[in-house]
Amino acid sequence: MLRLTVSTEEYLMIGEDIKIVFLGGTANHTRVMIEAPKEVNIARSKAIEKRITNLEERENLPKYYREVEHPEKYVKKKRHGRNSC
């Protein structure tokens, strides 16, 4: 699995014909635009979960959670000004 931090209007290319553009968002929502051939099936996780009626199958679906705090190595260190102690 690949995990990235992206800026607004950055994009990812998957192969030569699938483009995912990150359009920005709020604290709880992110807008993305996906350019792909019509033959490629694209579905939201909520839609997939609704279609699965077998509870055992639904429990085996991967789950991803937002990290509230980032590991120390990813946090920018605060710089102190010249006059601060």
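- Using a distance-only test at 3.5 Å, with no hydrogens or angles considered, no donor-acceptor pair links the side chain of Glu59 to the main chain of Glu56.
- Under a hydrophobic-cluster definition in which Ile, Leu, Val, Met, Phe, Trp and Tyr are linked whenever side-chain heavy atoms come within less than 4.5 Å, directly or via other members, Val32 and Tyr11 are assigned to different clusters.
- Residues Leu4 and Ile34 fall within the same hydrophobic cluster, defined by Ile, Leu, Val, Met, Phe, Trp and Tyr side chains chained together at heavy-atom separations under 4.5 Å.
- In this structure, CG in Leu23 is found 8.0 Å from OG1 in Thr8, a value given to the nearest 0.5 Å.
- Val40 and Met33 are members of different hydrophobic clusters when ILVMFWY side chains are connected at heavy-atom separations under 4.5 Å.
- The hydrophobic clustering, which links ILVMFWY residues whose side-chain heavy atoms are closer than 4.5 Å, places Ile18 and Leu12 together.
- Remark: Thr53 OG1 to Arg51 CZ distance equals 12.5 Å, nearest 0.5 Å.
- Placement of Leu61 and Leu55 in two distinct hydrophobic clusters is found when ILVMFWY residues are connected by side-chain heavy-atom separations under 4.5 Å, directly or transitively.
- The two residues Ile52 and Arg58 come nearest to each other via the heavy atoms O-NH2, 2.6 Å.
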